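The shown structure was predicted, so the numbers you read here are calculated from the model rather than taken from an experiment.
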Amino acid sequence: MILLSTTWLYLMAVMIVGSIVKGFVFGQIIWVSIDLAVLAVCYLILRRRYWVDMRQSMIFLSVITVISILADIGLISGMFANVLSLAFIGWLIYKDGGGRGTFHNKKPKLRHKWHK
């Protein structure tokens, strides 16, 4: 459990350092390359952890990176990028009832045969 939390701390540290570097450097092409480099470093961190679901984690990180790239290029505004990111995170929480949301009213999975 501790290693899992340190993995996410490493990922957050990489993303924060990438954002700081983007603050000092000017140019859209360089910003996009920094975003892609951060995604690559996150992949390298995650692939060493065998217990992490690589597919789901990389989909999440890729969508966040694409939103960031669209904001860096100027195709979407910063406010819309924030709203889009929050909407994506909300969809992840509520898509399978993980946040106990009302989007899916599924019965809970039975743990044993006798729990009918």
Do you reckon [X] sits in the same ILVMFWY cluster as [Y], going by side-chain contacts under 4.5 Å, direct or chained?
X: Val63; Y: Trp8; result: yes
X: Met58; Y: Trp91; result: yes
X: Trp31; Y: Leu36; result: no
X: Val38; Y: Ile89; result: yes
X: Phe26; Y: Ile29; result: no

Give, for atom [atom1] of [X] and atom [atom2] of [Y], the distance between the pair rounded to the nearest 0.5 Å.
X: Met12; Y: Ser19; atom1: CE; atom2: OG; result: 8.5 Å
X: Leu84; Y: Met79; atom1: CG; atom2: CE; result: 13.0 Å
X: Ile76; Y: Asn82; atom1: CD1; atom2: CG; result: 9.0 Å
X: Thr6; Y: Tyr10; atom1: OG1; atom2: OH; result: 5.0 Å

Discussion item. Has Ser33 got a side-chain atom pairing as donor or acceptor with Ile30's backbone, closer than 3.5 angstrom?
Written reply: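 Looks like yes, one N/O pair under 3.5 Å.
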
Worksheet item: Residues two or more places apart in sequence or in another chain: which of them pass ring-ring contact (aromatic ring centres under 6.0 Å, His included) with Phe88?
Response: Phe60

Discussion item. A side-chain contact here means heavy atoms from C-beta on lying under 4.5 Å apart; do Leu39 and Tyr43 qualify?
Written reply: no

Discussion item. Any heavy-atom pair between the side chains of Met15 and Ile64 that's under 4.5 Å?
Written reply: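 SC-SC contact between Ile64 and Met15 ruled out.
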
Discussion item. Checking one residue: Ile16. Which other hydrophobic residues are in its cluster under the side-chain 4.5 Å linking rule?
Written reply: Ile20, Phe24

Worksheet entry | side chain to side chain contact (heavy atoms under 4.5 Å, CB included) evaluation trace for Leu46 with Leu11 | CA-CA 9 Å; Leu46 285 175; Leu11 293 177; 3.8 Å; yes

Identify the two heavy atoms, one from [X] and one from [Y], that lie closest to each other, and give their separation to 0.1 Å.
X: Ser68; Y: Asp35; value: OG-OD2, 3.2 Å
X: Leu61; Y: Cys42; value: CD1-CB, 3.8 Å
X: Gln56; Y: Asp53; value: CG-OD2, 2.9 Å
X: Lys22; Y: Ile34; value: CG-CG2, 3.7 Å
X: Asp72; Y: Gln28; value: O-CG, 3.7 Å
X: Ile67; Y: Ser85; value: CG2-OG, 3.6 Å

